[in-house]
There are 2 protein chains.
Amino acid sequence: MDKSSPLQLPTSNSGTTGRTRKASVPGKKIIRDLGLKVTTQRLDILEVVRSGPNHFTAQDVFETVVKRSPDIGFATVYRFLRTLTDASFVTEIRMGGMPARYEWAAKDHHDHLTCNSCGKIVEFENEEIERLQEKVALRFGFLLTSHVLELYGVCPECRQKKVSQADAENSR
Amino acid sequence: MDKSSPLQLPTSNSGTTGRTRKASVPGKKIIRDLGLKVTTQRLDILEVVRSGPNHFTAQDVFETVVKRSPDIGFATVYRFLRTLTDASFVTEIRMGGMPARYEWAAKDHHDHLTCNSCGKIVEFENEEIERLQEKVALRFGFLLTSHVLELYGVCPECRQKKVSQADAENSR
DNA sequence: CAATACATGAGAATGGATTTCATTTTCAAT
DNA sequence: ATTGAAAATGAAATCCATTCTCATGTATTG
Ligand SMILES: [Zn+2]
Ligand SMILES: [Zn+2]
Ligand SMILES: [Zn+2]
Ligand SMILES: [Zn+2]
C-alpha cells in the first residue's frame with residue numbers, strides 16, 4: 001500500500017497590516033465551547049484537522065504541526081484528537097491493526113470503500129443501507145447508537161494494473 | 001462492559017479402552033491439509049476454537065488451553081490463529097482498540113450487533129445489505145473483496161436496566 | 001533410529017496509544 | 001499589568017496486543 005497525500009498546513013494569512021481574517025467558524029470558539037483553554041497547540045491541531053485532507057492519522061497531524069511549532073508533542077495531538085472525538089467534532093476509525101484514522105465530522109455521515117492495494121479511500125453514503133441497519137437493530141430490540149461499515153476491494157486503477165501485468169506475463 | 005462467558009475446553013473423550021472417537025472433521029486432517037505438522041498445541045487450539053463459544057480473543061484461547069497443557073505459549077496461539085485466519089478457517093475481527101476477536105468461520109457469513117454496555121454480541125445476516133454493498137462497490141468500479149459491518153447499540157436488557165435506574169432516581 | 005525441516009516457548013521487541021509528572025501557560029480576579 | 005489557581009503541555013515512562021527472535025524440541029520420512 002502506497003504512502004499517500006501529505007497533509008497541508010495552510011500558512012496563516014498574515015496580511016500586510018498584521019490583521020488576521022476570521023475563519024468561518026473560529027477555532028477559538030470551538031475550543032471555548034468545549035470548556036477548554038485556548039492554546040496555540042490546539043489551534044494548530046484544529047487548523048490541520050479542519051483544512052487538511054480527510055482520513056488522517058495522529059502521526060499525520062503531528063508531522064504537519066511540528067513543522068510550524070517544533071515543540072508540540074505527540075501526547076497533545078493524541079489528547080486533543082481524543083477530546084474532539086468524544087465531542088463528536090471528529091470521527092475516529094480504527095480498523096485492523098492499522099493506526100487510527102480521523103476525519104472532521106462536520107460533513108454528512110458516510111461510510112468508506114477502501115482499495116486493498118493502493119489505499120485509496122472513497123466515501124459513500126447509502127440511505128437504504130442505513131435504514132436497513134436500523135431495521136436489523138430494531139428486530140433484536142437494540143437501540144442503535146452507531147455503526148462501522150467499511151468495504152474493501154480493488155479500485156479501477158489497480159484492477160487495470162493487474163490486467164496489464166497478466167498480459168505482460170502471458171506474452172513472455 | 002462485563003467480563004463474559006468463559007470458554008469451555010471439552011475434556012477429550014478418552015474411552016476405557018484408550019481408544020478415541022473421531023470428531024466429525026478431525027483436527028488432524030485440517031492441519032495436514034494446511035501442509036503443517038500435527039502437534040498437540042495445534043490440536044488443542046483447534047479444539048477450543050471449534051467447540052468453544054464464538055467471538056473469543058487470543059487470550060481466551062490461551063487461557064483455556066493452558067489449563068490442559070500448561071506449557072503452551074502465547075506465540076503459538078497467535079501464530080496458529082493467524083494461520084487459520086489466512087486459510088479462512090477463522091474470521092478475525094479487529095474493532096476499536098480492543099483485542100482482536102475470532103470465530104470459527106464454517107458458519108455462514110454474518111455481521112455483528114454489539115451492546116455498548118454489556119458487551120453482548122448478536123449475529124445477523126441481511127441479504128439485502130450484502131447486495132447493496134456489492135452495488136455500491138460496483139458503482140465506484142471497485143471489485144469488492146470483503147467488508148466489515150458492525151452495529152453498536154444498547155440491548156433490550158440494558159435498556160430495561162436504564163429505565164429502572166431512572167425510575168429509582170425519580171422516586172428518591 | 002537418524003536426519004532434517006519444521007514448530008515451539010520464553011522473552012525481547014514492536015508500535016500505537018495513554019499516562020505520568022515536573023514545568024509552563026492560560027485567564028479570571030485583582 | 002500582576003497574580004495565582006487550575007489547566008495544559010512535552011518528554012519520557014508505561015501500557016498492551018501482537019509479532020519477532022532464536023535456542024531448543026519434535027513430527028515426519030525413509
Ligand atoms: Zn487502488
Ligand atoms: Zn470519510
Ligand atoms: Zn446489553
Ligand atoms: Zn460472529
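Hydrogens, waters and symmetry mates are skipped; everything else that's a heavy atom, side chains included, is used. The sequence lines fix the lettering, A, B, ..., with proteins before strands; numbering per chain opens at 1. Source: prediction; values computed, not measured.
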As a quick check of understanding, evaluate salt bridge (Lys or Arg N to Asp or Glu O under 4.0 Å) for B:Arg42 and B:Glu47, giving each step before the final call. CA-CA 8 Å; B:Arg42 283 171 175 166; B:Glu47 196 169 5; over 6 Å; no
A:Glu157 vs A:Lys120, salt bridge (Lys or Arg N to Asp or Glu O under 4.0 Å): CA-CA, chis, key distance, verdict: CA-CA 10 Å; A:Glu157 290 72 28; A:Lys120 180 191 307 167; 2.3 Å; yes
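The nucleotide whose nearest atom lies closest to any side-chain atom of A:Gln41 is, among D:dT9, C:dC27, C:dA7, D:dT9.
In this structure, A:Phe62 places its CZ atom 11 Å from C1' of D:dA11, rounding to the nearest Å. For A:Asp60 and C:dA17, the CG to P distance is 11 Å, given to the nearest whole Å. Here the P atom of nucleotide D:dT26 and the CD1 atom of B:Ile31 are 17 Å apart, to the nearest Å. For the pair B:Arg32 CZ and C:dA7 P, the computed distance is 13 Å after rounding to whole Å. Between the CG atom of A:Asp71 and the C1' atom of C:dT24 there is a distance of 12 Å, rounded to whole Å. Per the geometry, CG belonging to B:Leu81 stands 12 Å off P belonging to C:dT8, to the nearest Å. Atom CD1 in B:Ile72 sits about 14 Å away from atom P in C:dA7, given to the nearest Å. Remark: C1' of D:dA27 and NZ of B:Lys28 are 11 Å apart, rounded to the nearest angstrom.
Checking A:Leu149, A:Leu132, A:Asn126 one by one against B:Ile129, the side-chain contact (heavy atoms from CB on, under 4.5 Å) holds for a single residue, A:Leu132.
No side-chain donor-acceptor contact under 3.5 Å links B:Glu125 and B:His110. With no hydrogens or angles considered, no side-chain donor-acceptor pair links A:Asp86 and A:Thr83 at under 3.5 Å.
Annotation: side chain of A:Ile72 is in contact with side chain of A:Ile45 (closest heavy-atom distance under 4.5 Å).
Nearer the 5' end of DNA chain D, as judged by each residue's closest nucleotide, is the contact made by A:Gly35, out of A:Gly35 and B:Lys37.
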Output a table of nitrogen or oxygen pairs between the protein and nucleotides 17-21 of chain D separated by less than 3.5 Å.
unit_1: D:dT18; atom_1: OP1; unit_2: B:Ala100; atom_2: N; d: 2.8
unit_1: D:dT18; atom_1: OP2; unit_2: B:Tyr78; atom_2: OH; d: 2.8
unit_1: D:dT18; atom_1: O3'; unit_2: B:Arg94; atom_2: NH2; d: 3.4
unit_1: D:dT19; atom_1: OP1; unit_2: B:Arg82; atom_2: NH2; d: 2.9

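At C:dT8, one or more side-chain N or O atoms of B:Thr39 fall inside 4.0 Å of OP1 or OP2 (strictly under the cut-off). At the phosphate of D:dT9, OP1 or OP2 sits under 4.0 Å from a side-chain N or O atom of A:Arg42.
In summary, the aromatic rings of B:His147 and B:His109 are positioned with their centroids under 6.0 Å apart.
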